[in-house]
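Below you'll find the structure, written out as structure tokens, and then a few comments.
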Amino acid sequence: MGNDLLRFEDEYLARYYSKKPLNIVRGHMQYVWDSNNNKYLDMHTGFGVAFLGHRNPRIINAIKEQLDKIITVSLTFYNETRAEFIREFMKIVPSGFGKVFLQNSGTETVETALKIARKISKKVEFLAFLNSFHGRTMGSLSVTGNEKYRRAFEPMPYKVRFAPFNAVDQVDKLVTEDLAAVIVEPIQGEGGVNPARPEFLRALRQVTKERNVLLIFDEVQSGFGRTGRVWAFENYGVEPDIFTAGKSVAGGLPIGITVIRREFGDVFEPGEHGSTFAGNPLVMAAAKASVETLLNDDVPGRVRTMGEEFMRILEDELGSLKSVLRVKGMGFMLGIELKKRADPYVDRLIPMGLLTSVAGGTTVRLLPPYCITNDDISMATKALKTALSENP
Ligand SMILES: Cc1ncc(COP(=O)(O)O)c(C=O)c1O
């Protein structure tokens, strides 16, 4: 990439991901630019973080205004910016939910959900699903149903049983009274963009209720408008006891939120849980502006309409290609499942000006920002068609 500075990343920065040879220097809404001023349509969006666009003007202004006031205030104290965010956030939370736990990432919000479930239920075991992804810290990793992420760190601290995702007929047998909770993504993201079948979530809700087992929906990837409703579970008409959110909720700044039903109250005694950075006014200002954007721009409505159209176009244009198995997903959480590994295709799309990511090994995942246009959809479809038509 002709930039000597970047060698510091190679030499000293611990590697988490296989790195792409692209130095991204700037972003605006659905586009990013590299150091050679090449423009890319961003459907990677930092694994979904930039769903409201890069540097969305409303969010940037809110951050700038807050910078002139104060950046950090512990949850030990009140802060009006935080209170304003909570007031806005409660507008998008269904009425049965009444407490919000603030964190700094998706994995932390899952950790918090698991702790809450253990505290409320006084039980310790969990049921999770194969192919699920819930995070990298040891608790959230315990409920992640993919050996690849867990193998190097066994044994896991939490006792977890795994079941096949969408196996409606097994729900009655698997959800036993000794479970603290069942945790499930309404749409599996990292596992390959796999929507739950409505009857699967309905069966989970019915049996968990009957057996006094808590139901957790992990909405870190599927939530906040991504699937054409504010929460993916609203597409199914099924409500959990606890749900999580993260990724785009603070417009690009780190956040994680756990939401629980009103009747559970505060759950933790002072000192039982905490977080140094959580609820800091800078992130809260960005998150408040993000909720306002979601509501003012009717993000879920736009995503619902355009997502259906995008999916139809992808099915029409790519569905019959030899390399393609199926197009799947919901709203702006879309996947093109291939007959072989997806990484070479994702790499090939980069010089064509389209950034995407891999999910479940064989799926090209599209997580576009809500503001993409019909021209962007045409450009992406054309690039995908070219890339998927040839062997990489
Ligand atoms: C469903 C789900 N849960 C949890 C996480 C972990 O979030 P984070 O990477 O912010 O810790 C992710 C991340 O992709 C996710 O998709």
Side-chain angles (χ1 to χ4, degrees), residues 14 16-17 43-52 101-117 126 128-146 148-150 153 156 158 160 162 165-166 181-196 201 215-227 230-233 235-236 240 242-259 275 277-278 283 286-287 290 328-335 356-361 363 365-367:
Y16 293 161
Y17 302 98
M43 296 200 181
H44 181 293
T45 51
F47 300 108
V49 171
F51 173 57
L52 297 181
F101 299 73
L102 292 172
Q103 313 291 334
N104 315 285
S105 66
T107 194
E108 279 177 76
T109 185
V110 172
E111 290 291 335
T112 306
L114 300 177
K115 282 174 82 174
I116 290 168
F126 291 90
F129 294 92
L130 296 172
N131 253 333
S132 63
F133 184 85
H134 297 292
R136 310 278 187 170
T137 49
M138 290 301 277
S140 62
L141 195 58
S142 298
V143 288
T144 288
N146 188 332
K148 182 177 82 176
Y149 302 118
R150 287 203 316 267
F153 312 103
M156 292 286 119
Y158 279 38
V160 181
F162 289 101
F165 185 65
N166 271 337
V182 175
I183 180 164
V184 64
E185 294 157 271
I187 302 179
Q188 289 189 334
E190 297 303 307
V193 193
N194 307 313
L201 293 190
L215 182 60
I216 306 169
F217 284 168
D218 184 352
E219 291 258 13
V220 166
Q221 192 159 148
S222 59
F224 211 61
R226 172 64 73 191
T227 67
V230 178
W231 308 109
F233 64 74
N235 291 296
Y236 292 89
I242 301 170
F243 69 92
T244 62
K247 302 269 192 199
S248 63
V249 177
L253 295 186
I255 194 164
I257 304 184
T258 316
V259 185
S275 170
F277 289 116
V283 169
S290 299
K328 52 191 182 170
M330 207 184 269
F332 277 181
M333 188 169 175
L334 297 170
T356 62
S357 57
V358 178
T363 294
R365 173 177 40 179
L366 309 178
L367 294 174

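Everything numeric in this text was worked out from a predicted model, so none of it was measured. Ligands are counted one by one from 1 in listed order, and the atoms in each one are counted from 1 as well. This chain uses plain numbering: 1 for the first residue, then up along the sequence.
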- Query: CZ of Phe277: more than 12 outside heavy atoms within 6.0 angstrom?
  - Reply: no
- Message: Tell me every residue that passes side chain to side chain contact (heavy atoms under 4.5 Å, CB included) with Lys328, counting only those two or more places apart in sequence or in another chain.
- Response: Asn194, Arg326, Glu337, Thr363
- Item | Partners passing side chain to side chain donor-acceptor pair (under 3.5 Å) against Thr137 (at least two apart in sequence or in another chain) | Thr107, Glu111, Ser140
- Message: The criterion is side chain to side chain donor-acceptor pair (under 3.5 Å); which residues satisfy it with Ser132, sequence neighbours excluded?
- Response: none
- Kindly assign one of parallel, tilted or perpendicular to the pair Phe47 and His44, based on the angle between their ring planes and the thresholds 30° and 60°. tilted
- Task: Enumerate the protein residues lying less than 4.0 Å from ligand 1, judged by heavy-atom distances, in chain and residue-number order.
- Result: Ser105, Gly106, Thr107, Phe133, His134, Gly135, Glu185, Glu190, Asp218, Val220, Gln221, Lys247
- Give a yes or no answer on whether the side chain of Arg365 reaches the backbone of Thr356 with a donor-acceptor pair at less than 3.5 Å. no
